[in-house]
Amino acid sequence: VQLVESGGGLVQAGGSLRLSCAASGFTFNDYAIAWFRQAPGKEREGVSCISTSDESTYYADSVKGRFTISSDGARTTANLQMNNLKPEDTAVYYCAAVGHFYRDAHQCFGYGMDYWGKGTPVTVSS
């Protein structure tokens, strides 16, 4: 069982990236899938979450209106579309998932995650 992130890279401010999180060994049915990020010298922060039980989503204020989280129909991949990127979005982005999640997505950061990916770096140049 593992999560594998992809899609990170270097982009100029104002550009876009699409991160993907692929599940191996399980599916995302009745899971909450979250994206976290950790910038150098800073604490890890929750960025966005989706609850597959009700399709609810949640975004941190810092990314609201710019990032969109989604999960595919097969529940094996979760994506984070990041538009209008800013230098302060530079960080390593991690995908995580918690199972048996039947709540609204805004609650997911209050739960311990069952699985974590190893992260994918995103660098936004000014």
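Model, not experiment: these values are computed from the prediction.
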Is it the case that one hydrophobic cluster holds both L17 and W35, taking links as side-chain heavy atoms less than 4.5 Å apart, direct or via other members? yes

So, for C95 and E5, which heavy atoms are closest and what is the spacing to 0.1 Å? N-OE2, 2.8 Å

Are any of the side-chain heavy atoms of L19 and V122 separated by less than 4.5 Å? yes

Whether Y31 and F26 hold their rings parallel, tilted or perpendicular, with breakpoints at 30° and 60°: tilted

Are there more than 12 heavy atoms of other residues, nucleotides or ligands under 6.0 Å from atom CD of Q12? no

Please determine whether side-chain contact (heavy atoms from CB on, under 4.5 Å) holds for the pair F67 and T57, giving the CA-CA distance in whole Å, both sets of side-chain angles, and the decisive distance to 0.1 Å. CA-CA 11 Å; F67 290 12; T57 58; over 6 Å; no

Check the hydrophobic clustering (I, L, V, M, F, W, Y; side-chain heavy atoms under 4.5 Å; chains of links allowed) and say if F101 and F109 are grouped together. yes

Sidechain-backbone polar pair: R75 side chain, T27 backbone, donor-acceptor under 3.5 Å: no

Using a distance-only test with no angle check, is there a side-chain donor-acceptor pair under 3.5 angstrom linking Q81 and N83? yes

Decide, yes or no, whether a salt bridge links D89 with K86 under the criterion of side-chain N to carboxylate O below 4.0 Å. no

Run the side-chain contact (heavy atoms from CB on, under 4.5 Å) check on T68 and Y59 step by step: do they pass? CA-CA 8 Å; T68 303; Y59 300 93; 3.8 Å; yes

How close do S126 and A13 get, counting heavy atoms only, and between which atoms? CA-CB, 4.4 Å

Look at the side chain of S51 and the backbone N and O of R103, then say whether any donor-acceptor pair between them is shorter than 3.5 Å. yes

Report, as yes or no, whether the 6.0 Å neighbourhood of atom NZ on K64 holds more than 12 heavy atoms from other residues, nucleotides or ligands. yes

Does the side chain of H100 reach to within under 4.5 Å of the side chain of D30, using non-hydrogen atoms? no

In terms of hydrophobic clusters joined by side-chain contacts under 4.5 Å, are I33 and Y58 together? no

V63 side chain near R37 side chain, heavy-atom distance below 4.5 Å: yes

CA sep, side-chain torsions, deciding dist, call: F28, C21, side-chain contact (heavy atoms from CB on, under 4.5 Å): CA-CA 11 Å; F28 288 139; C21 173; 4.2 Å; yes

Hydrophobic cluster membership, Y94 vs I50, 4.5 Å side-chain cutoff: no

State which residue, out of T77, D72, L80, T120, fulfils the side-chain contact (heavy atoms from CB on, under 4.5 Å) condition with S20. T77

Please say yes or no: joined through hydrophobic side-chain contacts below 4.5 Å, possibly via intermediate residues, are Y111 and W116 part of one cluster? yes

Is a donor on one side and an acceptor on the other found under 3.5 Å between the side chain of S24 and the backbone of Q2? no

